[in-house]
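Inspection log for the structure reproduced underneath, given as structure tokens.
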Amino acid sequence: MSTEDIPPEVWRRAEVRDALAMRDIGTVYRALRAHGVSQSRIAQLTGQAQSEVSDVLNGRAVRSYALLSRIATGLGIPRGWMGMAGEAPPATTEQPGADVPPREEDEAAKRRRFLSYAGSLVLGARTELADSAHLLSAEMREFDVPRTAPGRVGAADLAALGELIGSLRRIDHRYGGVGQYGTIAAASRQAELMLDSSMTEAVRSQLLATLCKLHATAGWTAVENGLLASGHEHFGRALDFGRDGGDPLAIARTLYAAGRAELHFGDANSALKLFQLGSIRAESSPLVSSVLQLNSAWAAAQGERGDSVRRLLDNGRGLHGAARIDSDYPLFRWFGDADLLGMTGSIQLAMGEYESAALHLSRAVAARAPGEVRSAVFELASLAEAKFALGDHGAAVRHGRRAVLLAGGVRSARLRGRLAGLRERCATLADSRHPWSDCAEELALGIDGVIAPRAVRR
């Protein structure tokens, strides 16, 4: 079926390419509508009912492989842009339009495999996953990037990659990583081509370490976009390059990022194992060691391993106090006093130590720079949750409203999880006859507004 009525510039827009990488079909359809393509025409091209197109425009996610395939074919979208190049359809037969959730045992198997590889690498063994370019996600393999390596790689090329990593990390640290994955995935693929160029042995070693950092950044950005499988594939590739480049702190950073992905979207006990493996490689850096110890405490608290939380928390705080941040590992210098306070408060909140949690979280919020929006939102939400638990409903509502206001500028798949505790407390209070029930209900609706897809006018 002809797609001549779809303007080619639609597919050149960065936000559309990012949406395709995330399989965010609602954003794609809205872009088509903005360029004059009617709902009925979208339905005709994709084989959907017009009501189904309307549902997608209003926030319904599309997860069915069969429907995604029809959409790609009908709209003339290269399948690689949607991460479907070379991807086999599910073994089970899907009905058109059905949303089939991933099987839990598959995710558990992937988690065990990654943990096994990370453990063997840190402890000095090699496994089948090493040198695993064939396992790279389709999203990363298929972005349109030049396919030829530069003639010679030198210090300037590595500096340019370092600048790219730094700029993307700064954006992520302030607002979240949604919208950046296409850029970093393409850069990762292109940077790997440099390995085929001529260079000195010293530059090659630095390039391998830089590729580790680049893939770790790509993995974290994928996680921020909700692309968990792609994130773990990047993390695995980062470990390959970290091993070959002989950079233990780059490996520690990769394991930290992979652990945070598990902590927010997977399994707290798996996160704890990854943080502990990272600590083995972080001994040369008090700062990196402190971050891993603190995250281990948080994972232990969420995994109901209360006996070790206090020891890990004290170790992390002590190491942070001894670290000279300005001269320590550059990729962790962002972890300052506000982050230490926020992490301490989050750990105490998970342990039910609400008074201490509220104290540390309020100090963290006060210490935040104006541009640190994402961290401020997460800490305000946790602070409001602690205040609700303490019975200080006025302060809880005040902090919660501020969190919701700022959350509109946060682009992170973690937003839903980080607001879930506050949302639950609001819902419980709203169902009661408490004097603050109306405010709690209003706050719950505000949270729903920032974590749920927004309806659009038709």
(request) May I ask you to decide if L287's main-chain N or O and S290's side chain share a donor-acceptor pair within less than 3.5 Å? (result) yes
(message) Ring centroids only, cut at 6.0 angstrom: are H215 and F235 within range, meaning strictly under it?
(response) no
(request) Kindly indicate whether the side chain of F388, heavy atoms from C-beta on, has any atom under 4.5 Å from the side chain of C426. (result) yes
(message) I need the minimum non-hydrogen distance between S412 and F378, along with the two atoms involved.
(response) OG-CZ, 4.4 Å
(request) Looking only at non-hydrogen atoms, find the nearest pair between A384 and L422 and report the distance. (result) CB-CD1, 3.7 Å
(message) Please find the pair of heavy atoms, one from L406 and one from V373, that lie closest to each other, and give the distance.
(response) O-CG1, 3.7 Å
(message) Just verifying a value: how many Å separate S308 OG and Q276 CD, rounded to the nearest 0.5 Å?
(response) 8.0 Å
(request) Kindly compute the distance separating CZ (R401) from SG (C439), expressed to the nearest 0.5 Å. (result) 5.0 Å
(message) I want to know whether H232 and W220 have ring centres closer than 6.0 Å.
(response) no
(message) So that I can tick it off, tell me whether R368 and D339 are bridged by a salt bridge, with the cut-off set at under 4.0 angstrom between side-chain N and carboxylate O.
(response) yes
(message) Has E372 got a side-chain atom pairing as donor or acceptor with A369's backbone, closer than 3.5 angstrom?
(response) yes
(request) Under the side-chain contact (heavy atoms from CB on, under 4.5 Å) rule, what do W11 and L20 come out as? Steps first, then yes or no, please. (result) CA-CA 9 Å; W11 311 123; L20 288 169; 4.2 Å; yes
(message) Tell me whether D328 contacts the main-chain N or O of R324 through its side chain, where contact means a donor paired with an acceptor under 3.5 Å.
(response) no
(message) With a 4.5 Å cut-off on side-chain heavy atoms, are L208 and R243 touching?
(response) no
(message) Given 3.5 Å as the limit, does a donor-acceptor pair link the side chain of S356 with the main chain of E353, or not?
(response) no
(message) Checking E385 against R418 for the salt bridge (charged side-chain N to carboxylate O under 4.0 Å, His left out) test, could you report, in this order, the C-alpha distance in whole Å, the side-chain angles of both residues, the deciding distance, and whether it holds?
(response) CA-CA 11 Å; E385 187 179 348; R418 295 303 301 270; over 6 Å; no
(message) Check this for me: does any side-chain nitrogen of one of E192 and R237 sit under 4.0 Å from a carboxylate oxygen of the other?
(response) yes
(message) For a 4.5 angstrom cut-off between non-hydrogen side-chain atoms, does N295 reach L272?
(response) no
(request) Kindly give the heavy-atom pair with the smallest separation between A31 and R13, and that separation in Å. (result) CB-NH1, 4.0 Å
(message) For a salt bridge (charged side-chain N to carboxylate O under 4.0 Å, His left out) check, start with the C-alpha distance between E262 and K273, then their side-chain angles and the critical distance, and finish with the verdict.
(response) CA-CA 10 Å; E262 286 293 334; K273 293 175 184 176; over 6 Å; no
(message) Checking the side chain of H434 only, and the main-chain atoms of S432 only, is there a donor and an acceptor separated by less than 3.5 Å?
(response) no
(request) Measure the shortest side-chain to side-chain distance between L419 and V450 over non-hydrogen atoms and say whether it is less than 4.5 angstrom. (result) yes
(request) Determine the minimum heavy-atom distance between L255 and L277, stating which atoms define it. (result) CD1-C, 3.8 Å
(request) Output yes when a side-chain donor or acceptor of N225 lies under 3.5 Å from a complementary backbone atom of T221, and no otherwise. (result) yes
(message) Nearest 0.5 Å, please: how far is CD in E355 from CG in L390?
(response) 5.5 Å
(request) Taking atom CZ of R402 as the centre, report whether more than 12 heavy atoms of other residues, nucleotides or ligands fall under 6.0 Å from it. (result) no
(request) Any chance you could lay out the side-chain hydrogen bond (donor to acceptor under 3.5 Å, both in side chains) test for R253 and T217, step after step, and finish with the verdict? (result) CA-CA 9 Å; R253 176 187 174 236; T217 302; 2.8 Å; yes
(message) For the CD1 atom of I347 and the CD atom of Q302, what is their distance to the nearest 0.5 Å?
(response) 9.5 Å
(message) Taking the six-membered ring for Trp, are F332 and Y256 closer than 6.0 Å centroid to centroid?
(response) yes
(request) Would you check if L312 and L294 make a side-chain contact, meaning some heavy-atom pair closer than 4.5 Å? (result) no
(request) Please step through side-chain contact (heavy atoms from CB on, under 4.5 Å) for the pair F335 and V288, ending with a clear verdict. (result) CA-CA 9 Å; F335 195 91; V288 178; over 6 Å; no
(request) Check the pair Q293 / L313 against side-chain contact (heavy atoms from CB on, under 4.5 Å), numbers first and verdict last. (result) CA-CA 7 Å; Q293 289 286 296; L313 177 58; over 6 Å; no
(message) Within the 4.5 Å heavy-atom criterion, are S198 and V153 side-chain neighbours or not?
(response) no
(request) Check for a donor-acceptor pair, side chain of S270 on one end and backbone N or O of G266 on the other, with a separation under 3.5 Å. (result) no
(message) Once rounded to the nearest 0.5 Å, what's the spacing between atom OG1 of T27 and atom CZ of R30?
(response) 4.5 Å
(message) I want to check something: taking the side chain as every heavy atom from C-beta on, are H320 and I325 in contact at a cut-off of under 4.5 Å?
(response) yes
(request) Return yes if some donor-acceptor pair links the side-chain N/O of S362 with the main-chain N/O of L359 below 3.5 Å, else return no. (result) yes
(message) Looking at L249, is its backbone amide N or carbonyl O close enough to the side chain of D247 to form a donor-acceptor pair, meaning the two atoms are under 3.5 Å apart?
(response) yes
(request) Give a yes or no on whether a salt bridge exists between R423 and D448, defined as a side-chain N under 4.0 angstrom from a carboxylate O. (result) yes
(message) Between R374 and E224 (salt bridge meaning N to carboxylate O under 4.0 Å), is one present in this structure?
(response) yes
(request) Report, as yes or no, whether the 6.0 Å neighbourhood of atom CD on E163 holds more than 12 heavy atoms from other residues, nucleotides or ligands. (result) no
(message) Between I251 and L239, is there a side-chain heavy-atom distance shorter than 4.5 Å?
(response) yes
(message) Ignoring hydrogens, what is the shortest heavy-atom contact between G259 and F275? Give both atom names and the distance.
(response) C-CZ, 3.5 Å
(request) List the steps, then state whether side-chain contact (heavy atoms from CB on, under 4.5 Å) holds for R152 with T200. (result) CA-CA 9 Å; R152 184 172 180 83; T200 66; 3.7 Å; yes
(message) Given 3.5 Å as the limit, does a donor-acceptor pair link the side chain of D157 with the main chain of G154, or not?
(response) yes
(message) Take a 6.0 Å sphere around CG of D337 and say whether it holds more than 12 heavy atoms from other residues, nucleotides or ligands.
(response) no
(request) Hey, could you give me the CG/CD distance between L207 and E201, rounded to the nearest 0.5 Å? (result) 11.5 Å
